[in-house]
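Everything numeric in this text was worked out from a predicted model, so none of it was measured.
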Amino acid sequence: MGLIAFLGDNAAQIESKEYEQKIREEDPRLLQNDEHLVYAFKGRGGSGRDHYMLTTKRVLVRDKKGMTGKRIRYISVPYTSIRAFSVETAGSIDTDQELKIYARGIGKISIDFVNKIDILAINRFLSSVVIGKDAAGAAAGAFAHDANATMNGSSTGLLDLFGSNYAQIDNQKVESHLKSNIKVLLEDEKVELAFKCGRDSFILTSLRVLKIDVQGVTGKSTEYLSILWPSIKGYSIETAGNIIDRDSELTLFFNLPDSPSAAEGSPRNSRTRMKIDLRDGQADLFAVQRYISDKLLGPDTVTSSQYTGSMAGHQDTGSGSLFAWAGDDNRMIDPSEANRKFHSDIPILQNCEHIELAFKGRRDMMLFTTKRCIFVDMQGFLGMGKKVEYITLPWTTVTAFSVRSAGSWVDKDSEMCLWLDFDDVFNPMRENEDDPPPPPIPRRSYLEIDFQKDKVDTMVVHRYLSERLMRVNGHQLKPFTSPVSPDLLQPSSSGVGENLLNWIGDNAASIDAESVNEKFHEAGMIQHDEHVAFAFKTGRDSLYLTNKRLFVIDVQGMSGKRKEYMSVPLDVIRVWSIESAGSFDRDMELRVWFKGHWNNKVKQDLRKGKADIFAIQHFIAHFIIGSADGKAALADAHAYKPSSSGAMGKLLGFLDDAHMKDPVELTNKLRSSPALLQEDESVEAAFKGGRDLFVITSKRIIVIDKKGITGKSVEYKSYPLMYNKAFMVETEGHLLNGAEVKVYTDDGPIKQELAKKQKDNVWAIHEILSGKMLNNPQKEIAEVEIELSAA
C-alpha cells in the first residue's frame with residue numbers, strides 16, 4: 001500500500017498542530033495570526049515533499065519545485081471562492097480517495113488521498129466552511145412537502161434504469177440516512193427534495209444541490225458532489241413525451257470552474273450543465289420547478305393576484321408574413337392572457353410574479369416577468385408534440401443586453417441579444433475530416449432573439465430591460481414588487497432612433513454630454529434618474545458613459561440602416577483599461593471587460609485631444625471600486641526598503657525581472673501625474689520591470705504597460721481586488737529563477753515575475769493578498785442579491 005501511495009502520489013494525513021508549528025518557523029508570514037491548520041496532508045503516502053492544508057480560512061497547497069526543492073509554490077484558495085466540491089471514496093480496485101474543489105479563477109484542484117483518510121470528515125468540514133446559510137438559496141420547503149405527499153415511493157423500474165430515470169423518494173428517510181449513517185449533511189441542513197435512480201441519488205437540500213454517484217461493479221466507490229445554490233444560474237424543465245420518450249427532464253445551468261477544453265464535440269467547460277431524467281408519474285415536475293424558483297428567485301410569499309401586466313390588451317394579429325413565420329420571428333402578444341395561462345393552466349409562475357411583456361414566434365413563446373425571462377419551447381412537428389421545455393433565466397443571470405433595428409433588403413428582422421453569466425460555450429464537430437475545426441458556438445452563454453420589425457417595438461424592449469437590469473439602491477435590481485411603468489412601455493415615436501443619430505452626425509468628433517443627455521431623455525433611451533457623463537463619436541459609431549451603464553450605438557451594414565444599441569451596466573464591469581496615444585497611433589483607447597463568457601469586451605478608440613482618458617478611468621473606478629475598503633492591508637505598508645540585489649540582481653533587472661519601488665513615492669505620483677488613484681486609495685506594493693509597472697493598491701491591481709519603440713503609448717489596466725479569487729506566490733530558485741506572483745481572476749490570471757533577493761517583498765505581497773481575500777472579502781453583486789432574497 002505504501003509503494004502504491006508513493007507512486008500514485010496519494011497524500012497521507014499528518015499531525016496538523018505539529019506541522020503548523022513547523023511552517024510558522026520556516027515561513028513565518030505564510031499563515032495569518034488568527035489562522036490555524038485543521039487538516040494537513042503530505043504527498044506520496046507521507047514520504048513526499050508537497051503538502052496540502054485545510055486551514056480555518058483557505059485551502060493551501062505547498063508545492064516544492066525543481067530537483068532541489070528550493071523553489072516553493074504556495075497556492076491559496078479562499079473558501080469564499082469555492083463554488084462546488086466533491087469527495088470520492090475508495091473502490092475495490094482503485095483504492096485511493098479523491099477531493100475535487102471547483103474555485104473561481106483557478107478552476108479545479110484535485111487531491112488524491114490514501115484510503116485510510118476519513119474522506120467524509122473532510123466533506124463535513126468543507127460543508128461547514130464553504131456552504132453555510134449565507135451561501136444557500138431561500139427557504140422553499142413548502143412545495144417540497146406538497147410534492148412528497150403525491151409520491152408513493154415506488155422503486156425504479158427496469159426501463160427507467162436503462163434510461164437513467166429518477167423517481168422521487170421520501171426526503172425525511174434520506175435526511176435521516178445522510179445524517180446518521182454516512183454523515184454527509186450539516187446538523188441544521190434539511191433534505192427538501194430527493195430522487196433516486198438505481199444506486200444514484202439527486203438531492204436538493206436547504207443549503208446545496210447534492211449528487212451521489214455510486215461507481216464501479218461493486219458500488220464501493222461513491223462520489224458526493226456538492227454544488228452551492230448561488231452557482232445555479234438558470235434551469236429548465238421538459239415534460240414527458242409519447243410512449244417512447246416517457247421521461248421528463250430537469251436541467252440545471254451553473255458555473256463550476258474547470259480547465260477549458262477545445263476538444264471537438266464537447267463543451268468548453270465540462271461542468272456547466274446537469275441533466276436529470278425524472279420518471280413519469282414518480283415525480284411532480286412542476287412542483288420541482290416551483291421549488292427551484294423559490295430557491296433562485298426568492299420565496300413565493302403572496303396569494304394569487306389579478307395583476308394584468310403593463311401591455312394588457314395588446315392585440316395579437318399573427319405573424320402577417322410568410323418570411324416572419326418561416327424565420328420564427330417573435331411578435332408581441334397580450335401579457336394578461338399569458339399571465340393567466342402560466343398561473344392557472346400551466347403552473348410555472350409564482351403567485352407574487354407577473355408577466356410584463358410576452359412574445360410569440362411560430363410556435364414558441366418568450367415571457368418577461370418581474371423576476372425572470374422564460375422561454376417556452378414547444379417540441380415535435382410544428383410544436384404539436386406533447387413535449388414542452390420551459391427555460392428559466394433569472395434577471396440576475398443576465399449581465400448585458402442590446403437591441404438591433406431591422407436592416408434593409410435581406411435582413412428584415414430586428415433582434416434582442418442577451419449576455420448570460422454561465423459558460424455554456426460548445427466546440428462543434430467538423431463535418432469532414434479535412435475541414436478546419438469549426439468555431440465554437442455560445443449556446444446559452446449568449447442569446448439572439450429575432451423579432452418581427454413591424455410587430456415589436458425594440459425601443460420598448462430596450463426601456464424594459466433597462467428598468468429590470470440596471471442596479472439601483474446600492475447595487476440591487478429593481479424589486480419584483482415594483483412593476484415597470486406602463487408609460488415606459490408605450491410605442492416609441494416614429495423614427496426616434498434615426499432622428500437621434502441624425503442629430504449626432506457622422507463626423508468623428510467629441511459630443512457635448514449635456515446636449516446628449518437632453519436628447520437621450522427626449523428619445524426615452526435612458527432612465528429618468530440616469531445621466532450622461534461622457535459622450536464620444538468615432539465614424540458612424542458612438543459610446544456613452546452614464547451613471548448606470550456603458551452605452552454603445554453601433555451603426556451596421558453598407559446603408560447604415562441597421563443599428564445596435566448595447567447596454568453594459570457599470571456593476572458588471574470586471575476589468576478596464578485606458579491607453580494613451582502614441583507617436584504614430586494618434587488615437588487613445590478605452591477597453592472594458594464585463595461579466596460574461598462570450599464576446600464580453602467593449603473597445604472604443606478615442607480621438608487625441610477630444611477626451612480626458614484619466615477622467616474616464618476615474619469615473620469608472622468610482623462606480624466599481626468606490627465603496628471598496630481603501631485601508632492598507634499591511635501595518636507597515638509604507639516601510640519601503642530598497643533591495644540590495646548585487647550583481648545577479650542587476651543582471652536580472654536588465655532581463656526585465658521586477659524590482660520593488662517605493663510605494664509612498666508612487667502613491668503621490670499616481671495621484672497627480674497621471675491622476676489614476678482615488679483619494680482613499682494608496683499603493684501597497686509596486687514592481688518595475690523594464691519600462692512596465694506592476695502595482696498593488698488598497699483596492700485593485702494596476703498593470704502599467706509602456707508600448708511601442710518610444711514608450712509614449714501607455715496602457716493602464718485595472719483589476720479590482722474584490723473580483724480576484726485566488727493567488728499564488730513562488731519563492732526564488734537557483735540560477736536565474738526569481739520569485740513569482742500570480743493572481744487568479746475570472747478573466748484569467750495576472751502574472752508578475754520578481755528579481756532575485758526579493759524574499760521579503762514576496763511575503764509582503766502574500767500578506768497583502770491574504771488580508772484582502774481572506775479577511776471579510778467584499779462580495780460580488782450577485783452574491784449579495786441571493787443573500788437578500790434568502791432573508
Side-chain angles (χ1 to χ4, degrees), residues 137-138 140 143-144 147 192-193 202 204 209 227-239 248-255 272-276 278 283-301 309 330 335 338-339 341-361 364-379 387-399 401 416 418-424 442-447 449 464-465 468-469 477-478 480 782 785-786 789-790:
F143 286 125
E192 296 176 329
L193 287 177
F202 173 68
L204 303 173
V209 175
I227 303 174
L228 278 66
W229 277 112
S231 298
I232 310 297
K233 300 299 182 180
Y235 62 93
S236 72
I237 61 168
E238 189 174 286
T239 59
S248 54
E249 295 176 2
L250 167 68
T251 303
L252 301 178
F253 304 102
F254 43 73
N255 268 343
T272 56
R273 291 186 178 195
M274 179 183 289
K275 180 180 174 183
I276 304 296
L278 301 174
D284 187 339
L285 185 64
F286 288 100
V288 174
Q289 188 276 151
R290 287 156 59 201
Y291 167 82
I292 298 178
S293 295
D294 277 7
K295 279 293 183 184
L296 301 188
L297 307 177
D300 193 354
T301 56
N330 284 268
N339 199 57
K341 178 178 181 180
F342 291 103
H343 268 122
S344 304
D345 300 346
I346 306 171
I348 291 291
L349 301 178
Q350 294 179 311
N351 291 329
C352 62
E353 180 183 14
H354 312 289
I355 295 175
E356 297 184 295
L357 290 179
F359 308 87
K360 193 175 191 310
D364 303 331
M365 297 182 70
M366 179 175 65
L367 312 172
F368 287 172
T369 84
T370 50
K371 291 191 172 187
R372 56 180 153 173
C373 178
I374 301 175
F375 294 92
V376 182
D377 182 10
M378 311 288 291
Q379 302 184 6
K387 212 169 183 65
V388 183
E389 184 179 18
Y390 302 91
I391 305 166
T392 284
L393 300 173
W395 289 126
T396 51
T397 298
V398 182
T399 60
F401 65 93
M416 174 192 72
L418 300 177
W419 283 261
L420 305 178
D421 182 26
F422 59 91
D423 186 358
D424 201 35
R443 293 200 297 186
R444 292 198 172 103
S445 293
Y446 167 79
L447 301 176
I449 310 299
Y464 177 84
L465 292 175
R468 281 291 162 213
L469 298 178
L477 291 184
K478 185 183 182 74
F480 72 91
E785 284 167 348
I786 286 179
S789 68

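Between Phe342 and Tyr390, the angle of the ring planes goes over 60°, which puts this pair in the perpendicular group of the 30/60° scheme. Between Phe368 and Tyr464, the two ring planes are parallel [angle under 30°; tilted spans 30° to 60°].
Taken from CD in Glu389 to CD in Gln379, the straight-line distance is 6.0 Å, to the nearest 0.5 Å. Tyr235 contributes atom OH, which lies 9.5 Å from atom CG of Leu250 (distance to the nearest 0.5 angstrom). Distance OG1/Thr272 to CZ/Phe253: 8.5 Å, rounded to 0.5 Å. Taking CD1 of Ile237 as the reference point, atom CD1 of Ile276 lies at 14.5 Å (rounded to 0.5 Å). Taking CG from Leu297 and OG1 from Thr396, the interatomic distance works out to 7.5 Å, rounded to the nearest 0.5 Å. Atom CZ of residue Phe254 and atom CZ of residue Arg273 lie 10.5 Å apart, to the nearest 0.5 angstrom.
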Inset, instruction - For side chain to side chain contact (heavy atoms under 4.5 Å, CB included), just list the numbers for Val398 and Leu420, CA-CA rounded to whole Å, side-chain angles, deciding distance to a tenth of an Å, and then say yes or no. - result: CA-CA 5 Å; Val398 182; Leu420 305 178; 3.7 Å; yes
Legend entry - Worked check of side chain to side chain contact (heavy atoms under 4.5 Å, CB included) between Leu252 and Ile292: CA-CA 10 Å; Leu252 301 178; Ile292 298 178; 4.0 Å; yes
Legend entry - side-chain hydrogen bond (donor to acceptor under 3.5 Å, both in side chains) assessment of Tyr291 paired with Glu192: CA-CA 9 Å; Tyr291 167 82; Glu192 296 176 329; 2.6 Å; yes
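Other residues, nucleotides and ligands place more than 12 heavy atoms under 6.0 Å from the NZ atom of Lys478.
In this structure a side-chain-to-backbone donor-acceptor pair under 3.5 Å is present from Lys387 to Thr239. Counting only distance, with no hydrogens or angles, the side chain of Thr370 and the backbone of His354 share a donor-acceptor pair below 3.5 Å.
Between Pro299 and Gln350, the shortest heavy-atom distance links the atoms C-NE2, 4.0 Å. Scanning all heavy atoms of the two residues, the minimum distance from Asn255 to Asp423 falls at OD1-N, 2.9 Å. Taking both residues in full, the closest heavy atoms of Leu469 and Trp395 are given as CD2-O, 3.5 Å, listed atom of the first, atom of the second, then distance. Minimum interatomic distance between Gly234 and Pro394 (heavy atoms only, all atoms of both residues): CA-CD, 4.1 Å. Met366 and Cys373 get closest at one heavy-atom pair: CG-SG, 4.1 Å. Summarising the geometry of Asn339 relative to Ile355, their closest heavy-atom pair is OD1-N, 2.9 Å, with the distance given to 0.1 Å.
When each of Lys371, Arg290, Arg372 is tested with Glu353 by the rule salt bridge (charged side-chain N to carboxylate O under 4.0 Å, His left out), just one qualifies, namely Arg372.
For the pair Asp424 and Arg444, the salt-bridge criterion is not met [side-chain N within less than 4.0 Å of a carboxylate O].
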